[in-house]
Protein chains: 2
Amino acid sequence: MAVQTAAPTTPSGTPSVDLGPAAGLSCRECGERFPLGPIFACAHCFGPLEVAYDLPAGDPEQLRKRIESGPASIWRYAPLLPVPADVADKPNLNPGWTPLVKADNLARELGVTGGLYVKDDSGNPTHSFKDRVVAQALEAARAFGFTTLSCSSTGNLAGAVGAAAARAGLRSCVFIPHDLEQGKVVMAAVYGGDLVGIEGTYDDVNRFCSELIGDPLGEGWGFVNVNLRPYYAEGSKTLAYEICEQLGWRLPDQIVVPIASGSQLTKIDKGLRELIALGLVEDRPYKIFGAQAEGCSPVSAAFKAGHDVVRPQKPDTIAKSLAIGNPADGPYVLDIARRTGGAVEDVDDARIVDAIKLLARTEGIFAETAGGVTVGVTRKLIETGALDPALTTVVLNTGDGLKTLDAVAPTTGPTTTIRPSLDAFRDAGLAH
Amino acid sequence: MAVQTAAPTTPSGTPSVDLGPAAGLSCRECGERFPLGPIFACAHCFGPLEVAYDLPAGDPEQLRKRIESGPASIWRYAPLLPVPADVADKPNLNPGWTPLVKADNLARELGVTGGLYVKDDSGNPTHSFKDRVVAQALEAARAFGFTTLSCSSTGNLAGAVGAAAARAGLRSCVFIPHDLEQGKVVMAAVYGGDLVGIEGTYDDVNRFCSELIGDPLGEGWGFVNVNLRPYYAEGSKTLAYEICEQLGWRLPDQIVVPIASGSQLTKIDKGLRELIALGLVEDRPYKIFGAQAEGCSPVSAAFKAGHDVVRPQKPDTIAKSLAIGNPADGPYVLDIARRTGGAVEDVDDARIVDAIKLLARTEGIFAETAGGVTVGVTRKLIETGALDPALTTVVLNTGDGLKTLDAVAPTTGPTTTIRPSLDAFRDAGLAH
């Protein structure tokens, strides 16, 4: 991905930037501060930029009440996000405030006694957590005067961008590999924006997008996870906020998060630390665990080897929404897992499928392969002793099984097939 | 469907029945009352039974406050539903409280000036409104001591029953035609209950289920839409409750509802009348419109012909979730449409597809074919003058486009396919 240190794509006539409590961007490596803008890398050290805030000071009880009386969406946390105060009044998909399911049946199967919860993000408008991050990018795009919302994607992100742009009345243009399966193409194209097939691999698509951002052809374009990435990424904080509020303003002891780029895990940690700093939850230890598929486990491999750097891998797994072989935030994930006393673990494709079916059978939640990864890793972490079953544990499901039917199709079918007669039914032995 | 007038399937040792405000069952034809039980037809006139209530009397403002402080699910309306007061504490999918989307972009396209809203039920746990009705049937099943939750289905209902039973820790056994498409089989089977393929048509499956209910083999079985139907059907009232509460405790002027059996439309009317009777909304006129696919439009045909009875049709439409050729509640739908000054209309498959894409393009909502029917019919009703665009209008989307990808796949694809180069992109004419 091309490093971009200035803001050449800001269209002329950009309105004054109001992104609520967002006070600027700061470099995660050297700490240098920059004004808010569509930039994502430090001009000095090329480190990644993230949003720095002037967070609301004052009585935590009042802030809790303000949040609780807010809308049933991520916008209840608008005072903690890089969005204008009136964000809920603008046309957007209003994602979030998804169920935190007390998973007692799954807990029994896994031997968890301290309380097990599934944060089920499949209820979001386009059925993945991507709606949370795209909603932030949309506000940044509006603030910077962008007229086209864009991304490269092979799945969830394409739908989230297309749907958000449609609701907001922006144009969208999404880039995909030309040979994507038809079902995924339909999900990306149905929102009516432009969808461009690129003759090449997903890496080719990304390289092309990076060129486009640096070219006058891309003027006025907000690539949600490139030039709007610092804002986009903040959306994952809302998972941390919701989990704590839904637990009664309490930190979970343990939380299991899928790793693609690693961004989500780092932002969940950031969100938890903000809640502590604001006095919204009691400060006590929590452990963050990262979950990968064995077929794309660069962070898990580095964690187990005791390394600080992540060696890229060539992905080969059914968990395609997590298949990033060179995860940008890998080193930060390693830091957080080690600092909090968590771990990073991986499971193979067979265990991913088993875990999808386990979650469906016990809790009636049909997860995407990424959900199979977190549930499968949770089970493995209990087996290895890394995760304490006596502590309160939250497992993330970030997507929807309807989008990855192929993963379970080969092993999921009718119990039996019979003639339409009571005799045939009796013989089948199911009448109990 | 076999008429059942007694309660032979009640297992021995049934606990005393606590279904909250449900006071009994009453015949919709002759008014005869029966105690709560797993029965669905009047012993005297064979008319359909429905739940009769002792609804809470008292100050509407207090009841509104009580509801508003309840959970973000249908259980906020537990005082108005046939469920025990502690229903939210029992394991269930907690469906409902789905978004009422202010559809300003769609309104512009359709010329609606009085306020257009889409009640988007695709955010339910299994992504259709069926979660609302199955949740009621589940409570009835628990109250009557049933141990197996069952249904016949070709789609949404199978998943809703499988998931609800899984969460509740009940067994499920779902019957489907043996030749269902693999994707639908996977969605029905993934929750781990028994799934039985029946060699025959969907009608054969239904006939078999009716036999099973009357046979000792079916003892302890709750068929959600047969012997639990009176309870099940009440779940659709929650759509009316939510719409009014989300409008600020106000009746919509016009509401467009899809028609399969017609039950949903009749229960929405019942829900609206209850809100008026309880003083929760101001009593003023509202119009209910029914929407069908042209390829299965028996109620629309009867409405247009001025008939009181519905002549069965053989369905042939892409809107399979609405394809009931002999809708049980058709005559009641005709009554309601005429009484309220509404209408029943139908659209052909091409207009259904267009409407799905229109809704996706304008509001970022990807609807099932049933949603294409309601949006398409809304457009047609405006064209014919039956629906007044100057009035507040609510259109229901009861399902999810991910479940009917085939409907839009032939006409939904990339704008273009190019080589990964800026020159190729410039030539494609998309850089604006």
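Just so it is clear, the model here is predicted, and its values are computed rather than measured. Note on naming: letters A, B, ... go to the chains in the order of the sequence lines (proteins, then strands), and numbering restarts at 1 for each one.
- One distance of note links CD of Glu363(B) with CG of Leu93(A); it measures 9.5 Å at 0.5 Å rounding.
- Contact of Ser421(A) with chain B is made through the backbone alone, with heavy-atom distances under 4.5 Å.
- In terms of heavy atoms, Ala166(B) sits closest to Arg361(A) at CB-O, 3.3 Å.
- The structure places OG1 of Thr417(A) at 8.5 Å from CD1 of Ile198(B), a figure rounded to the nearest 0.5 Å.
- Between the CZ atom in Arg167(B) and the CG atom in Asn105(A) there is a gap of 8.5 Å [rounded to 0.5 Å].
- Judged purely by atom type and a 3.5 angstrom limit, Asp194(A) has no side-chain atom pairing as donor or acceptor with the backbone of Leu430(B).
- Atoms NZ and CG, on Lys184(B) and Leu405(A) in that order, are 12.0 Å from each other to the nearest 0.5 Å.
- Asp215(A) places no side-chain N or O within donor-acceptor distance of the main-chain N or O of Leu422(B), the cut-off being under 3.5 Å.
- Interface check for chain A: of the options Thr362(B), Val408(B), Leu180(B), the most heavy-atom pairs under 4.5 Å are formed by Thr362(B).
- Side-chain atoms of Thr415(B) come within 3.5 Å of backbone atoms of Leu195(A) as a donor-acceptor pair (strictly under, hydrogens ignored).
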Inset, instruction - Dump the intermediate steps for salt bridge (charged side-chain N to carboxylate O under 4.0 Å, His left out) on Arg419(A) and Glu199(B), then the final yes or no. - result: CA-CA 5 Å; Arg419(A) 283 174 296 111; Glu199(B) 291 165 1; 5.2 Å; no
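- The aromatic rings of His127(A) and His127(B) lie parallel to each other, with less than 30° between the two planes, well short of the 60° mark.
- At a 4.5 Å heavy-atom cutoff, the contact between Arg171(B) and chain A is made by side-chain atoms alone.
- Of all the listed residues (Val186(B), Thr412(B), Val190(B)), the one sharing the greatest number of non-hydrogen pairs under 4.5 Å with chain A is Val190(B).
- Among Ala360(B), Gly192(B), Ser172(B), the residue making the largest number of heavy-atom pairs under 4.5 Å with chain A is Ala360(B).
- Counting heavy-atom pairs closer than 4.5 Å to chain A, the top-ranked of the candidates Asp400(B), Thr411(B), Ile356(B) is Asp400(B).
- Residues Leu217(A) and Ala431(B) share a closest heavy-atom pair of CD2-CB, 3.4 Å.
- At a 4.5 Å heavy-atom cutoff, the contact between Ile365(B) and chain A is made by backbone and side-chain atoms alike.
- Looking at Ile418(A), the atoms closer than 4.5 Å to chain B (heavy atoms on both sides) sit in the backbone and in the side chain alike.
- Of the inter-residue distances, the one linking Met187(B) atom CE with Phe366(A) atom CZ reads 8.0 Å to the nearest 0.5 angstrom.
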Inset, instruction - Please lay out, stage by stage, how Asp406(A) and Gln182(B) fare under the test side-chain contact (heavy atoms from CB on, under 4.5 Å). - result: CA-CA 10 Å; Asp406(A) 288 350; Gln182(B) 194 199 23; 6.0 Å; no
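- Contact of Pro125(B) with chain A is not made at all, since no heavy-atom distance falls under 4.5 Å.
- Using a 4.5 Å cut-off between heavy atoms, Asn124(A) makes no contact with chain B at all.
- For chain A, the nearby part of Val101(B) is the side chain; its heavy atoms alone come within less than 4.5 Å.
- The candidate with the highest count of non-hydrogen atom pairs below 4.5 Å against chain B, out of Ala168(A), Pro414(A), Ala428(A), is Pro414(A).
- The candidate with the highest count of non-hydrogen atom pairs below 4.5 Å against chain B, out of Phe425(A), Trp97(A), Phe175(A), is Phe425(A).
- Interface residue Thr416(B): backbone and side-chain heavy atoms are both found under 4.5 Å from chain A.
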